[in-house]
Amino acid sequence: QVQLVESGGGLVQAGGSLRLSCAASGRTLSTYAMGWFRQAPGKERTFVSLISWSGGSTYYAGSVKGRFTISRDNAKNTVYLQMNNLKPEDTAVYYCAAARSYLPHQAVDYDYWGQGTQVTVSS
């Protein structure tokens, strides 16, 4: 079993930055691909970014590409999402997730989920 806890969310003005962290316990994350998803009120949970087991491959949703950066530190059992140039449409609850699959792009591919952290971007 893997337990994931997100942190780093908050209220920020458009154009600002936040860094989200996802700390894992229970098992090492070194053999898991990690992803970030987000869900706004009344919307479906959508893919934001993922990083492979070793960190050698990363992918981003088109809406965040060039603004967000995913990274991981397996020694610390932690995954990060650096979010720059935030926009009001980025407002959502952000979730981290772990998958035993290689490059999982869909929520159904993930095995463990955190409880989420709120990101609110004001204009």
Side-chain angles (χ1 to χ4, degrees):
Q1 182 175 318
V2 174
Q3 295 84 43
L4 304 173
V5 179
E6 304 94 335
S7 62
L11 176 64
V12 65
Q13 288 186 310
S17 298
L18 287 172
R19 189 175 81 155
L20 306 183
S21 298
C22 176
S25 62
R27 302 184 191 276
T28 179
L29 293 182
S30 62
T31 60
Y32 292 84
M34 298 296 298
W36 287 95
F37 289 75
R38 65 187 182 185
Q39 187 168 23
K43 303 289 188 178
E44 292 185 332
R45 187 171 300 185
T46 59
F47 170 77
V48 175
S49 183
L50 72 83
I51 186 166
S52 62
W53 308 317
S54 66
S57 298
T58 59
Y59 291 88
Y60 300 90
S63 58
V64 307
K65 192 175 182 66
R67 299 188 297 120
F68 291 10
T69 303
I70 190 170
S71 62
R72 68 190 298 165
D73 186 338
N74 288 341
K76 297 180 179 179
N77 259 7
T78 302
V79 179
Y80 306 96
L81 185 69
Q82 178 67 46
M83 305 185 296
N84 297 326
N85 191 25
L86 283 160
K87 303 175 180 180
E89 51 263 45
D90 295 318
T91 295
V93 176
Y94 283 71
Y95 299 89
C96 67
R100 293 186 292 271
S101 301
Y102 178 50
L103 295 175
H105 284 71
Q106 299 179 229
V108 69
D109 296 323
Y110 288 80
D111 303 293
Y112 304 100
W113 293 84
Q115 292 299 305
T117 185
Q118 177 71 49
V119 172
T120 303
V121 184
S122 64
S123 59

Worked check of side-chain hydrogen bond (donor to acceptor under 3.5 Å, both in side chains) between Asp73 and Thr78:
CA-CA 5 Å; Asp73 186 338; Thr78 302; over 6 Å; no
query = Any side-chain donor-acceptor pair under 3.5 Å between Asp109 and Ser101?
reply = no
Do [X] side-chain atoms and [Y] backbone N/O form a donor-acceptor pair below 3.5 Å?
X	Y	answer
Arg38	Ala92	no
Thr91	Val121	yes
Ser52	Ser57	yes
Glu6	Gln115	yes

Next on the checklist: Taking the six-membered ring for Trp, are Tyr110 and Phe37 closer than 6.0 Å centroid to centroid?
Outcome noted: yes
Using ring centroids (six-membered ring only for Trp), state whether Tyr32 and Trp53 fall under 6.0 Å.
no
Margin query: Between Ile70 and Phe68, does the side-chain contact (heavy atoms from CB on, under 4.5 Å) criterion hold? Intermediate values first, please.
Written below: CA-CA 7 Å; Ile70 190 170; Phe68 291 10; over 6 Å; no
If you measure from [atom1] on [X] to [atom2] on [Y], what distance do you get to the nearest 0.5 Å?
X	Y	atom1	atom2	result
Ser7	Tyr80	OG	OH	9.0 Å
Ser123	Gln13	OG	CD	9.0 Å
Asn77	Arg72	CG	CZ	9.0 Å
Arg19	Thr69	CZ	OG1	11.5 Å
Leu20	Cys96	CG	SG	9.0 Å
Ile51	Met34	CD1	CE	9.5 Å

With a 4.5 Å cut-off on side-chain heavy-atom distances among I, L, V, M, F, W and Y, is there a chain of contacts connecting [X] to [Y]?
X	Y	result
Leu18	Val5	no
Leu103	Tyr60	no
Phe47	Leu4	no

Q) Distance under 6.0 Å and angle within 45° of the ring axis: does Arg45 meet both against Trp113? A) yes
Please assess Val48 against Leu81 for the test side-chain contact (heavy atoms from CB on, under 4.5 Å), listing each intermediate value before the final yes or no.
CA-CA 10 Å; Val48 175; Leu81 185 69; 4.2 Å; yes
Is there a side-chain contact (heavy atoms from CB on, under 4.5 Å) between Ser17 and Met83 once you walk through the steps?
CA-CA 5 Å; Ser17 298; Met83 305 185 296; over 6 Å; no
For Val119 and Gly9 the tightest heavy-atom approach is CG2-CA, 4.1 Å
Correct closest heavy-atom pair for Thr117 and Gly8 would be OG1-N, 4.3 Å
Requested in this report: Any chance you could lay out the side-chain contact (heavy atoms from CB on, under 4.5 Å) test for Leu50 and Thr58, step after step, and finish with the verdict?
Outcome: CA-CA 6 Å; Leu50 72 83; Thr58 59; over 6 Å; no
